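Report on the following structure.
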2 protein chains.
Amino acid sequence: MNNAMNDTATEYRTPDGAPTDIVIFTITSRERLSRKKSLPIRELKVLLIERGKWPFANQWALPGGFATETETIHECAKRELREETGVEGIHIEYFNVYSSMGRDPRGWMISHAFFALVNEAYLSNRKAADDAAGVKLVPVSEALEMPLAFDHNRIIRDALEHIRLKMLTTTIAKQFLPKEFTMSELYQVIETVVPDFVEKNFIRKITSTQSRKGILEVVKDAYGNSKGSNRYSQRSAQLYRFTEYQPQLSIYS
Amino acid sequence: MNNAMNDTATEYRTPDGAPTDIVIFTITSRERLSRKKSLPIRELKVLLIERGKWPFANQWALPGGFATETETIHECAKRELREETGVEGIHIEYFNVYSSMGRDPRGWMISHAFFALVNEAYLSNRKAADDAAGVKLVPVSEALEMPLAFDHNRIIRDALEHIRLKMLTTTIAKQFLPKEFTMSELYQVIETVVPDFVEKNFIRKITSTQSRKGILEVVKDAYGNSKGSNRYSQRSAQLYRFTEYQPQLSIYS
DNA sequence: TCAATAGTGTCTATCAGACATTATGCT
DNA sequence: AGCATAATGTCTGATAGACACTATTGA
């Protein structure tokens, strides 16, 4: 049995670096021009930075940077996320490694790709400062069409596929929402990430279906009265929040 | 914005190697002693090799090896799998990276972990040759208790968590089954990987539930008669096979 | 006949999905 | 009143889950 692990590593050429790339997703929302009280237009965007140096100078790329030997890949990603957006404690998740030959003209680079989900509110203050510094939020559909540095188009495509799956099978939607939200906000967030999501009786299912009602809970005020919001409509809508509960999905049951 | 990606990589210390580790799962089945025609005892096992050299000489470890610059990490894993088990075209999937400091006394090693699901039949011929060469199949529960090399206990634990989730949400069960199988075989495989899986009306659900009946199809012979097997019972059981269909799971519908 | 597995009948509460209808409250 | 959003009523057929029951056939 020929097992390279039994040999010393020094016989081999070693990688020239272990960078991380982070696909930072956010959902922006803006009021519709026509009316004040109506559901906002939401858009899924990804944060890109403009490269200053070779390679791919002046091209747009994903934020990221090289890992050092004193940190794990995950710690590196968290650090880069903090440096790029100034936020911490945000949902960040590893999803794939990119290592094809020639993906980086600087040498043999094994890149570790993460995605992060950031609430628009966290980025808003940061945004003004970044406008001057070659940082922008781009609608995902546009980003996929741009000529990005390295294999970053591919990485964004893969990340998008991941968060679409996760949006439907986990409660990551909460990353894009305030703590308390209305059903139509939740529905819009899901729709924004997964465009072909259609669920006619959405409210009913969540609220009156035995097996699913554990996901959300009604928000009540100090007196036990249920709390509503009329941000988007005249009639106020019930506010909900996510619980800790994550349903077990199975194709066999 | 301090972005390391804009600097040249050569300013930094580089990793000493990019190994892959592969958690090769298989399900062994053996006849119950008491009776010939009865459901076999199935066990989830993982393939371990005995290390010959420093570090962790004579300790058991996951198979794997160093990637070279001319192959991707995924290609490396496939190659190692082929070298260890002699099989190709098997389900192999990347699931995490391990990079904590000091995980490998040889230096800064960023290890990429895969799991592979191999049908017992593929390994059986190989097994005799390997017995002499420090290769063995160990029940997963035992492997987790053994003092394995590196952080391989952790890697196996993570891999197990992954395949448990995948067993219930995808059709990877087919990797452990022959092309045509009975319901009780399928049920046993699921049970073996996910011990607390209980589904009383299993057969009925798969066969008569609109939304799920696309997963499996009844096997028919050349004359269109449905085909059965009486390997495990006197009364012959209907044979099924997986279709290409994978149901979409969602917590919201 | 028994043992071991395979498969069906039947019942109830719940759910999915469609569609119509009503509620709220600002302009 | 008109409007946009929120929420409920009502119907049909499908499903989940439980449990009892019948079927098959080698030893």
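Computed over heavy atoms, backbone and side chain alike; hydrogens, waters and symmetry mates excluded. Everything numeric in this text was worked out from a predicted model, so none of it was measured. Residue numbers begin at 1 in each chain, while the letters A, B, ... track the order of the sequences.
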_DNA chain D contacts made by residues 164-174 of chain B, counting heavy atoms under 4.0 Å_ =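 Contacting residues: none.
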*For DNA chain D, which residues in residues 181-201 of chain B have a heavy atom at a distance below 4.0 Å?*
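Within residues 181-201 of chain B, the residues near DNA chain D are Glu199(B), Lys200(B), Asn201(B).
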*asked:* Below 30° counts as parallel, above 60° as perpendicular, anything between as tilted: where do the rings of His112(B) and His112(A) land?
replied: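 Rings of His112(B) and His112(A): parallel, as their planes differ by under 30°.
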*Please work out whether the ring planes of Phe197(B) and Phe202(B) are parallel, tilted or perpendicular, with thresholds of 30° and 60°.*
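If you compare the ring of Phe197(B) with that of Phe202(B), the planes turn out perpendicular.
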Without decimals, in angstroms, what is the distance between [X] [atom1] and [N] [atom2]?
X: Ile203(B); N: dG17(D); atom1: CD1; atom2: C1'; result: 15 Å
X: Leu239(A); N: dA7(D); atom1: CG; atom2: P; result: 9 Å
X: Lys205(A); N: dG17(C); atom1: NZ; atom2: C1'; result: 8 Å
X: Ile206(A); N: dA16(C); atom1: CD1; atom2: C1'; result: 13 Å
X: Phe202(B); N: dT5(C); atom1: CZ; atom2: P; result: 16 Å
X: Ile41(B); N: dT5(C); atom1: CD1; atom2: C1'; result: 16 Å

_Looking at Arg231(B) and dT25(D), is any side-chain donor or acceptor paired with a base atom of the opposite kind under 3.5 Å?_
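Answer no: no donor N or O sits under 3.5 Å from an acceptor.
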*Can you check whether any acceptor in the base of dG17(C) is under 3.5 Å from a donor in the side chain of Arg204(A), or vice versa?*
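No, no donor-acceptor pair under 3.5 Å.
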*Of the listed nucleotides dA6(C), dA7(D), dG17(C), the one nearest the side chain of Gln238(A)*: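 Nearest to the side chain of Gln238(A) among the choices is dA7(D).
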_Once salt bridge (Lys or Arg N to Asp or Glu O under 4.0 Å) is applied, what residue pairs with a partner in residues 163-179 of chain B remain, sequence neighbours excluded?_
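Every salt bridge (Lys or Arg N to Asp or Glu O under 4.0 Å) pair that includes a residue of residues 163-179 of chain B, provided the two are not neighbours, is Glu93(B)-Lys166(B).
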*Sorted by first residue and then second, give each salt bridge (Lys or Arg N to Asp or Glu O under 4.0 Å) pair with at least one member in residues 242-253 of chain B; sequence neighbours left out.*
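Those involving residues 242-253 of chain B do not exist here.
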*Looking at side-chain heavy atoms only, is the closest gap between Ile155(A) and Leu148(A) below 4.5 Å?*
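When only atoms from C-beta onward are counted, Leu148(A) and Ile155(A) do not touch, as no gap falls below 4.5 Å.
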*For Tyr240(B) and for Ser253(B), locate the closest nucleotide of DNA chain C by heavy-atom distance; then report the residue assigned to the nucleotide nearer the 5' terminus.*
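On the 5' side of the pair lies Tyr240(B).
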So which protein nitrogen or oxygen atoms get under 3.5 Å of nucleotides 21-24 of chain D's nitrogens or oxygens?
unit_1: dA23(D); atom_1: N3; unit_2: Arg235(B); atom_2: NH1; d: 2.8
unit_1: dT24(D); atom_1: O2; unit_2: Arg235(B); atom_2: N; d: 3.4

_Phosphate contact (dA14(D) OP1 or OP2) by Thr209(B) side-chain N/O below 4.0 Å_ =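 Indeed not, no polar side-chain atom of Thr209(B) lies that close.
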*Salt-bridged, Arg157(A) to Glu161(A), with N to O below 4.0 Å?*
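Judged by the 4.0 Å cut-off on N to carboxylate O distance, Arg157(A) and Glu161(A) do not form a salt bridge.
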*Out of curiosity, Tyr187(B) OH to Glu199(B) CD, how far, rounded to the nearest 0.5 Å?*
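These two atoms lie 7.0 Å from each other.
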*Hey, could you give me the OH/OG distance between Tyr240(A) and Ser226(A), rounded to the nearest 0.5 Å?*
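Between atom OH of Tyr240(A) and atom OG of Ser226(A) there are 8.5 Å.
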*Does a donor on one side chain and an acceptor on the other come within less than 3.5 Å for Tyr98(A) and Asp21(A)?*
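There is no such pair between these side chains.
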*asked:* Between Thr171(A) and Gln246(A), do the side chains contain a donor N or O and an acceptor N or O under 3.5 Å apart?
replied: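 The criterion, which ignores hydrogens and geometry beyond distance, is satisfied for Thr171(A) and Gln246(A).
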*Taking only residues at least two apart or on different chains, which pairs with a member in residues 189-198 of chain B satisfy side-chain hydrogen bond (donor to acceptor under 3.5 Å, both in side chains)?*
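Qualifying pairs, neighbours excluded: none.
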